[in-house]
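Keep in mind that this is a model prediction, so the values were computed, not measured. Side chains included, hydrogens not; waters and symmetry mates left out as well; all remaining heavy atoms used.
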Amino acid sequence: QVQLVESGGGLVQAGDSLRLSCAASGRTFSRHTMGWFRQPPGKEREFVAAISWSGSRNTRYADSVKGRFTISRDNAKNTVYLQMNSLKPGDTAVYSCAARRDPLITIATGSYDYWGQGTQVTVSS
């Protein structure tokens with residue numbers, strides 16, 4: 001099993017930046033596909049970004065964040081990051097990281113096996 005803990009959320013102004021971190025513990029982390037998802041208030045969880053075990057050469061982003069957000073991972077530190085730039089009020093949500101045992105990248109929420117509890121990101125206009 002893998003345990004995931006997110007951090008780095010907060011309250012920011014539109015146009016500001018934040019970097020979220022996801023610390024993982026447990027076995028077989030380095031071969032897991034990792035993803036970031038978010039759940040805006042009153043809405044369903046949605047895909048944000050994903051990265052394969054091989055790193056930045058194999059990443060995928062939601063259209064709404066592409067060009068603004070960057071996902072990365074440091075397998076030696078068992079940590080995944082989400083750099084968020086040019087934040088908008090529409091980015092306000094609880095952000096969660098997730099791990100998938102299969103190293104093949106996917107954006108499907110149901111395909112991920114482990115989930116963190118999430119960190120709140122609030123962007124004011």
Side-chain touch [X]/[Y], heavy atoms, less than 4.5 angstrom:
X    : Y   : result
C97  : V80 : no
D102 : T33 : no
D113 : H32 : no
R68  : M84 : no
L87  : F69 : yes

Of all heavy-atom pairs between [X] and [Y], which one has the smallest distance, and what is that distance?
X    : Y    : answer
R38  : A93  : CB-CB, 3.7 Å
T92  : Q120 : CG2-NE2, 4.1 Å
S124 : Q13  : OG-OE1, 2.6 Å
S17  : N85  : OG-OD1, 2.9 Å
S96  : W115 : CB-CE3, 4.2 Å
N75  : W53  : ND2-O, 3.4 Å

ask   = Which of parallel (below 30°), tilted (30 to 60°) and perpendicular (above 60°) describes F37 and F47?
value =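 Perpendicular: the ring planes of F37 and F47 meet at over 60°.
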
Does one hydrophobic cluster hold both [X] and [Y], with members joined at side-chain heavy-atom distances below 4.5 Å?
X    : Y    : value
I105 : V48  : no
V2   : Y81  : no
V94  : V12  : no
L20  : I107 : no

message = Checking the side chain of E6 only, and the main-chain atoms of G118 only, is there a donor and an acceptor separated by less than 3.5 Å?
response =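 The answer is yes, because a donor-acceptor pair under 3.5 Å joins these two groups.
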
ask   = Got a donor-acceptor contact below 3.5 angstrom from the R73 side chain to the S52 backbone?
value =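 Here the side-chain-to-backbone pair exists.
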
request  = Check the pair K77, S21 against side chain to side chain contact (heavy atoms under 4.5 Å, CB included), reporting the backbone distance first and the verdict last.
outcome  = CA-CA 11 Å; K77 297 182 178 179; S21 298; over 6 Å; no

Intermediate values then yes/no, side chain to side chain contact (heavy atoms under 4.5 Å, CB included), L4 and M34 = CA-CA 11 Å; L4 307 172; M34 300 297 299; 4.0 Å; yes

ask   = Any side-chain donor-acceptor pair under 3.5 Å between R100 and Y112?
value =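 Note: R100 and Y112 side chains miss the donor-acceptor criterion.
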
Quick one: [atom1] on [X] to [atom2] on [Y], what's the gap to the nearest 0.5 Å?
X    : Y    : atom1 : atom2 : result
I51  : R60  : CD1   : CZ    : 12.5 Å
L82  : T119 : CG    : OG1   : 11.0 Å
Q117 : Q3   : CD    : CD    : 11.5 Å

